[in-house]
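Just so it is clear: chains get the letters A, B, ... in the order the sequence lines come, proteins before strands, and each one is counted from 1.
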Protein chains: 2
Amino acid sequence: MTSHAQTGVDLTKNQTLVMGALSSADGPLSAYTILDQLRDDGFRAPLQVYRALDKLVEFGLVHRLESLNAFVACRHTECGDRGQTIFLICETCGKAIEVTDKAIARRLKTVATGALFALQTATVELRGTCDACRAA
Amino acid sequence: MTSHAQTGVDLTKNQTLVMGALSSADGPLSAYTILDQLRDDGFRAPLQVYRALDKLVEFGLVHRLESLNAFVACRHTECGDRGQTIFLICETCGKAIEVTDKAIARRLKTVATGALFALQTATVELRGTCDACRAA
DNA sequence: TTTATTGCGTAACGGTATAACGTGTGCAAT
DNA sequence: ATTGCACACGTTATACCGTTACGCAATAAA
Ligand SMILES: [Zn+2]
Ligand SMILES: [Zn+2]
Ligand SMILES: [Zn+2]
Ligand SMILES: [Zn+2]
């Protein structure tokens, strides 16, 4: 169903529908936008979306963009390592590019340790303008 | 009034009240928490808080924590350089430690450039456990 | 005085997220 | 068979976050 089929998780009907909406979108979607898109499929309440999203995030199939209050399908094949994902969010077109960088992950760990802080997860979200929008 | 008095900005009455609430708090506050604290000072509506917060963020006296939907007084003396601030947010006590790191700022810039992305601002918020809470 | 700017206050609204309740189904262990 | 449990689901209600729209008052040019 997705590029993450390897994970071998079995998705429920609702999870499949939400995953489909995110996969076919070309950018991050809010929970309520997903709800609207799935009304014809029987979705009626926000909680149906949030429950599916919680699981999809847990499975690593979906990322939550904190600074956007939105969700995006993972496009990265090797994002298994937690907390290493960086998002480049274009202010113009709204799309989010997903990248990883070991040097940043390492340095964040070092900074946290230096502050006697037990790092669990990292949110790194950059704002700016993507190449396509700058050219236009 | 704050450690940023050097900036020499004149705060309005509402801005002063909101700044005071954030300065005397020992952690991030949501806009609605600030509103509740300032009801006795005449605050009645969220917009009064948000208008003040917008200006305080613009002046660099306050930071917004995207992953928390909350605001915190800047405790860092040299955070003038935009986008270099990193927050370490303790999941246990809710406090936020503010640090800067030139290596990360530089590397983020490099990563963005490599993706042909024109970087404007960076949000870096780490979750984990602070030293005090881990010891307890 | 006229005009523009800025801050302020009120009300109404829309977007985000969770709480609390009950239902049904599949799958052990008894 | 039945009991207990885990899990997904559906519904309603509510709390929390943030903005839009409108009008008023004080201040600062012009
Ligand atoms: Zn990913
Ligand atoms: Zn773009
Ligand atoms: Zn600061
Ligand atoms: Zn702590």
Quiz item: How long is the gap from CG on A:Leu108 to CG on B:Asp101, to the nearest 0.5 Å?
Solution: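 It comes to 8.0 Å.
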Quiz item: How many angstroms lie between CG in A:Leu17 and CD in A:Gln37, if you round to the nearest 0.5 Å?
Solution: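 Between atom CG of A:Leu17 and atom CD of A:Gln37 there are 11.5 Å.
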Practice problem: Kindly state whether the pair B:Tyr50 / D:dT19 counts as stacked, where counting means centroids closer than 5.5 Å and planes tilted less than 30° apart. | Solution: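 B:Tyr50 ring does not meet the centre or angle cut-off for D:dT19; no stack.
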Practice problem: Would you check if B:Tyr32 stacks with the base of D:dC16, given a 5.5 Å centroid limit and a 30° plane limit, both strict? | Solution: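 The ring of B:Tyr32 is not stacked on D:dC16.
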Exercise. For B:Ala45, answer base if it contacts any base atom (sugar-phosphate contacts may also be present), sugar-phosphate if it contacts only those atoms, and nothing otherwise; contact means non-hydrogen atoms under 4.0 Å.
Key: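 Base, at least one base heavy atom under 4.0 Å.
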Self-check item: Sugar-phosphate only, base, or nothing, as touched by B:Arg51 at under 4.0 Å among non-hydrogen atoms
Solution: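 Contact class for B:Arg51: base.
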Just the rounded figure in Å: distance from [atom2] of [N] to [atom1] of [X].
X	N	atom1	atom2	answer
A:Leu11	D:dC7	CG	C1'	15 Å
A:Leu53	D:dA8	CG	C1'	15 Å
A:Leu68	C:dG15	CG	P	15 Å
B:Asp54	D:dG18	CG	P	11 Å
B:Leu35	D:dA15	CG	C1'	14 Å
B:Asp41	C:dC8	CG	P	13 Å
B:Leu17	C:dG7	CG	P	15 Å
A:Asn14	D:dT11	CG	C1'	14 Å

Respond yes when some side-chain nitrogen or oxygen of [X] is under 4.0 Å from OP1 or OP2 of [N], and no when none is.
X	N	value
A:Thr12	D:dC9	yes
B:Ser30	D:dC17	yes
B:Gln48	C:dG9	yes
A:Asn69	C:dA17	yes

Quiz item: If you measure from the Lys or Arg side-chain nitrogens to the Asp or Glu carboxylate oxygens, is any gap between B:Arg127 and B:Glu91 under 4.0 Å?
Solution: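 Salt bridge between B:Arg127 and B:Glu91, a charged N being under 4.0 Å from a carboxylate O: yes.
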Quiz item: Quick one: do B:Leu47 and B:Phe43 end up in the same hydrophobic cluster if we chain Ile, Leu, Val, Met, Phe, Trp and Tyr together by side-chain heavy atoms under 4.5 Å apart?
Solution: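 Per the 4.5 Å side-chain linkage, B:Leu47 and B:Phe43 are not co-clustered.
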Quiz item: Start at the 5' end of DNA chain C and walk down; is the nucleotide closest to B:Leu47 or to A:Phe71 reached first?
Solution: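 It is B:Leu47 whose nearest nucleotide is closer to the 5' end.
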Practice problem: Assert yes or no for the condition that the ring centre distance of B:His63 to B:Phe71 is strictly below 6.0 Å. | Solution: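 They do not qualify: ring centres at least 6.0 Å apart.
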